[in-house]
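To start, the structure itself, in structure tokens.
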Amino acid sequence: MIGREGRPVTSPPSHRTSASLACIIATALVLGACVMKSTYNKMLAQQQSIEAALRSEMAADQVQIEQLKDGIRVNMSGALLYREGAVELSPAGIAALNKVAPQFAAETYEIDVVGNTDNLPIAREFEARFPTNWELAGERASIVVRHLQSRGVDPTRMRAISAGEYHPRASNDTAEGRARNRRTEILLRPR
């Protein structure tokens with residue numbers, strides 16, 4: 001249709017078109033909310049399962065588990081996983097990781113294993129192998145990743161990350177604070 005000035009005239013969208021568009025938008029919002037709720041429920045179930053598996057370590061204050069906006073953080077103390085100044089997993093650390101490895105293997109989450117240390121310098125006997133806390137934290141994270149891989153967790157979903165001494169959870173001015181900072185965090189995030 002041509003208007004007075006010779007330009008094409010477009011008619012306003014019909015009520016039917018507006019209603020269809022509104023219906024499509026509403027459906028997308030509902031489906032999106034259902035997917036988000038489904039992901040949330042799955043993550044909550046996973047968190048509860050991890051908590052059940054690590055109940056004794058949590059009671060001993062060796063493990064803390066928290067739900068994040070986009071995943072789960074499993075915080076394992078350095079004292080649980082390693083002997084002081086060492087990088088090899090302790091028997092208690094192996095046992096704790098073995099409790100959760102089947103759950104990690106069964107899911108499709110991205111898994112970041114983050115090694116953290118306190119701010120004390122590396123002991124002389126370890127300086128050649130670990131010049132700084134960056135290397136020590138990275139090696140500890142790598143050892144956890146390798147152990148989880150040996151227990152069936154897909155290595156393409158894991159990353160070993162070093163945070164060194166630079167992300168403390170407590171003050172490094174006390175022995176208790178330094179102990180809290182020596183930890184390995186396992187972050188689980190939906191793909």
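From a predicted model like this one, the values you see are computed outputs, not experimental measurements.
- Transitive grouping of hydrophobic side chains (ILVMFWY, heavy atoms separated by less than 4.5 Å) brings Ile122 and Val87 into a common cluster.
- In terms of hydrophobic clustering, with Ile, Leu, Val, Met, Phe, Trp and Tyr side chains grouped at heavy-atom distances under 4.5 Å, Val74 and Met58 are assigned to a common cluster.
- At least one side-chain heavy atom of Leu68 sits less than 4.5 Å from a side-chain heavy atom of Glu66.
- Checked against side-chain contact (heavy atoms from CB on, under 4.5 Å), Glu57 has the following partners two or more places apart in sequence or in another chain: Leu54, Gln62, Val63, Leu80, Ala96, Lys99.
- The closest side-chain heavy-atom distance from Leu187 to Ile72 is not below 4.5 Å.
- Met76 is listed as a side-chain neighbour of Ile186, based on a closest heavy-atom distance under 4.5 Å.
- For the pair Gln149/Pro155, a side-chain contact is recorded, criterion being any heavy-atom separation below 4.5 Å from C-beta on.
- Under the 4.5 Å side-chain criterion, counting only non-hydrogen atoms from C-beta, Tyr109 is in contact with Met43.
- Using a 4.5 Å heavy-atom threshold, the side chains of Phe104 and Ile50 count as touching.
- More than 12 heavy atoms of other residues, nucleotides or ligands shown are found within 6.0 angstrom of CD on Glu125.
- Closest non-hydrogen pair, Ala137 versus Ala163, comes out as CB-N, 4.5 Å.
- Residues Val100 and Ala53 approach most closely at CG1-CB, 4.3 Å, considering heavy atoms.
- Under the 4.5 Å side-chain contact rule for hydrophobic residues, Phe130 and Val144 share a cluster.
- Note: Leu81 CG to Arg182 CZ = 12.5 Å, rounded to the nearest 0.5 Å.
- Taken from CG in Asn133 to CG in Leu120, the straight-line distance is 8.0 Å, to the nearest 0.5 Å.
- Put simply, the side chain of Asn98 reaches to within 4.5 Å of the side chain of His147, judged on heavy atoms.
- Ile161 and Tyr166 are members of different hydrophobic clusters when ILVMFWY side chains are connected at heavy-atom separations under 4.5 Å.
- Taking all atoms of both residues into account, the shortest heavy-atom contact from Ala141 to Tyr82 is N-OH, 4.4 Å.
- Screening Thr184, Val153, Leu89 for a side-chain contact (heavy atoms from CB on, under 4.5 Å) with Leu97, the sole residue that qualifies is Leu89.
- Taking the side-chain contact (heavy atoms from CB on, under 4.5 Å) definition, one finds that Asn172 meets it with Asp118, Asn119, Pro168, Arg178, Asn181, sequence neighbours left out.
- With a 4.5 Å cut-off on side-chain heavy atoms, Arg159 and Ile111 do not count as touching.
- Residue Ile65 is grouped with residue Val113 when hydrophobic side chains (ILVMFWY) are merged at heavy-atom distances under 4.5 angstrom, including chains of intermediate members.
- One distance of note links OG of Ser162 with CG of Asn116; it measures 8.0 Å at 0.5 Å rounding.
- A donor-acceptor contact shorter than 3.5 Å is absent between the side chain of Asp154 and the backbone of Gly152.
- Under the 3.5 Å distance criterion, the side-chain polar atoms of Asp112 are left unmatched by any main-chain donor or acceptor of Ala160.
- Residues Pro131 and Ala128 approach most closely at CD-O, 4.5 Å, considering heavy atoms.
- Contacts of Arg146 classified as salt bridge (Lys or Arg N to Asp or Glu O under 4.0 Å), with partners at least two apart in sequence or in another chain: Glu139.
- For Glu110, the side-chain contact (heavy atoms from CB on, under 4.5 Å) test picks out Arg189, Arg191, with sequence neighbours left out.
- For Gln103, the side-chain hydrogen bond (donor to acceptor under 3.5 Å, both in side chains) partners are Ser49, not counting sequence neighbours.
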Dump the intermediate steps for side-chain contact (heavy atoms from CB on, under 4.5 Å) on Phe126 and Glu135, then the final yes or no. CA-CA 11 Å; Phe126 297 112; Glu135 289 83 10; over 6 Å; no
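- Every residue meeting the side-chain contact (heavy atoms from CB on, under 4.5 Å) condition with Arg180, not counting sequence neighbours, appears here in chain and number order: Arg169, Ala170.
- Between Glu107 and Lys42, at least one side-chain N (NZ, or NE/NH1/NH2) sits under 4.0 Å from a carboxylate O, which counts as a salt bridge.
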